[in-house]
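One structure below.
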Amino acid sequence: MSDATAIEQSRIIDHPMHNRAQSLLPLKVSSLSYSIRQRALLHNIDLELTISGITAILGHNGAGKSLLLRLLHGLIAPTSGTVLWHDRAVAELEVRKKQAMVFQKPFVLRRSVAANIDYVLALRHAASRDTRDKLLRDANLLDKAKQSATSLSGGEQQRLAIARALATDPSVIFLDEPTASMDPAATAAIEQQLQSVNRQGIKIILVTHDIAQARRLADDIVFLHQGAIAEHTPAEEFFARAHSTAAQHYLDGQL
Amino acid sequence: MQTFQQSFAHAWHLVVTGDATLLEIVLLSLRVSVTATLIACALGLPLGALLATQNFRGKWLVNLLVNTLMGMPPVVLGLIVYMMLSNAGPLGWLQWLYTPGAMILAQTVLIMPIVAALSRQVIDDRWSECREQFQSLCIPWHRCVFTLLRDCQTSLFTVGAAGFARAISEVGAVIVVGGNINHLTRVMTTAIALETSKGDLALALALGSILMTIALIVNAVVLGTRQRLQS
């Protein structure tokens with residue numbers, strides 16, 4: 001059992017709504033590889049995540065962080081290896097429907113803020129004004145419900161994207177650099193929203209370049225280097241004393 | 001030949017008095033081109049969406065065909081439709097030659113590639129932004145297409161207007177398959193060509209000014225609708 005797994009298991013007792021994420025966990029990734037034209041972008045990834053919490057994936061540019069996130073979510077199929085959520089393949093529709101993803105560049109439909117949420121609620125046959133208003137209230141966007149989503153600022157669009165992801169009632173949310181090129185206030189608002197999401201027992205897997213953000217949010221760190229996992233460590237331990245040389249160089253700003 | 005001034009004065013008189021012949025020609029023109037535009041959009045928009053969002057064998061060939069047909073001379077297309085609709089042709093049983101039906105068919109075939117190619121581009125741009133998000137939400141393809149069509153409605157409205165402008169202003173295809181028969185298949189562009197050759201510049205000018213007015217109104221409606229939808 002890895003250190004990260006042990007610390008996750010000890011945290012499960014304290015978690016108020018751990019059962020929600022537990023419907024998909026544990027995540028077991030075995031010998032995962034992804035290549036394009038004989039070039040291995042990710043190779044021999046083995047990873048196990050057992051309980052809800054925030055996992056941050058760190059690494060230098062081109063290390064394969066976003067690619068790994070897409071493989072875990074099933075947006076792309078691996079060249080070899082398996083991704084199992086609660087012993088079920090990620091390709092299964094029922095597994096995919098329990099996950100949601102928020103991308104670096106927020107995508108919003110060209111309609112009102114409320115209609116963006118309604119659209120996803122209708123997809124899940126859960127259309128309800130109360131649910132929609134609650135999601136918008138949690139995202140601090142209720143007063144902008146009738147406004148066109150495209151007129152929102154970048155930070156507000158990202159909060160809407162997170163609220164829309166929550167409208168799918170997920171057990172796991174993936175976020176690919178959700179605060180990239182945002183100002184500190186917008187970043188803080190999104191981080192607050194993510195912590196609130198996590199308190200609801202939803203597992204968060206986050207790719208970020210922002211070391212300070214990972215320090216603030218993450219419970220455990222997956223560090224990628226040259227397409228492989230250099231280490232998977234509890235966050236406190238990672239920032240106090242990273243095991244791998246690559247991670248140490250990364251934290252020192254040399255990578 | 002009438003003087004320029006006389007022609008304009010006569011043309012103005014025909015317009016303000018609501019000349020019956022003029023009205024008949026204008027109404028037929030609108031009926032043919034509006035119908036052709038609606039049919040072309042009904043076929044061209046889904047084709048554009050298909051080409052933008054799906055990969056299939058032969059897609060490259062379909063794209064090439066659509067792009068090539070966009071630049072097809074109307075008179076050549078009219079000839080092809082004429083041959084299809086003639087008694088010896090595969091659609092001869094329809095007995096559509098020299099009827100408004102033939103003109104609608106010709107204009108539909110003329111503008112459908114335009115609608116398909118332009119909508120493909122509009123939808124393709126949006127699709128590249130939302131493909132992964134839709135995939136993540138597990139949205140079935142047909143629903144993605146409906147969502148994209150709605151999301152791109154302002155741009156697609158302009159695409160439809162471009163198709164209509166092409167249809168109502170073309171003369172080559174409708175004159176070949178319609179024959180420019182008085183009270184039956186005479187539309188504005190064919191009438192302008194005929195009246196100019198006869199030297200009756202007044203009617204030609206009156207029709208020309210109405211054609212320009214229609215273009216102006218269509219563009220005003222498109223611009224107004226775009227602004228309303230965007231706001």
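The sequence lines fix the lettering, A, B, ..., with proteins before strands; numbering per chain opens at 1. The structure presented is a predicted model; accordingly, all values stated were derived computationally and were not measured.
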Is it the case that the side chain of A:R164 and the backbone of A:F107 share a donor-acceptor pair, with hydrogens and angles ignored and the cut-off at 3.5 Å?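 Looks like yes, one N/O pair under 3.5 Å.
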Residue-level contacts of residues 33-51 of chain B with chain A, using a heavy-atom cutoff under 4.5 Å: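 Checking residues 33-51 of chain B against chain A gives no residue, so none.
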Residues in residues 56-76 of chain B near chain A [non-hydrogen atoms, under 4.5 Å]: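 At a heavy-atom separation under 4.5 Å, chain A is reached by no residue of residues 56-76 of chain B.
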Residues A:K144 and A:E156 bridged, charged N to O under 4.0 Å: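 Yes, this pair counts.
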Pick from B:I139, B:L137, B:D151: which one has the most heavy-atom pairs with chain A under 4.5 Å?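 Max contact count across the listed options: B:D151.
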For [X] and [Y], which I'm curious about, is there any donor-acceptor pair between the side chains at under 3.5 Å?
| X | Y | result |
| --- | --- | --- |
| A:T168 | A:K98 | no |
| A:Q213 | A:T208 | yes |
| A:S171 | A:S23 | yes |

Just distance, no hydrogens or angles: give the donor-acceptor pairs under 3.5 Å from side chains in residues 211-223 of chain B, sequence neighbours left out.
unit_1 : atom_1 : unit_2 : atom_2 : d
B:T213 : OG1    : B:S209 : O      : 2.6
B:N219 : ND2    : B:A215 : O      : 2.9

Got A:V222 and A:L58 here, is their nearest side-chain heavy-atom distance under 4.5 Å?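 SC-SC contact between A:V222 and A:L58 ruled out.
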Heavy-atom distance under 4.5 Å to chain A: side chain of B:R143, backbone, both or neither?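 When you check distances to chain A, atoms from both the backbone and side chain of B:R143 fall under 4.5 Å.
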Holding to side-chain hydrogen bond (donor to acceptor under 3.5 Å, both in side chains), I want the full list of residues that pass it with B:S128, two or more places apart in sequence or in another chain.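 For B:S128, no residue satisfies side-chain hydrogen bond (donor to acceptor under 3.5 Å, both in side chains) once neighbours in sequence are set aside.
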Could you walk me through whether A:V83 and A:L32 pass side-chain contact (heavy atoms from CB on, under 4.5 Å), step by step? CA-CA 8 Å; A:V83 177; A:L32 189 74; 3.7 Å; yes
Over 60° means perpendicular and under 30° means parallel, so tell me whether A:F174 and A:W85 are parallel, tilted or perpendicular.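 Correct class here is perpendicular.
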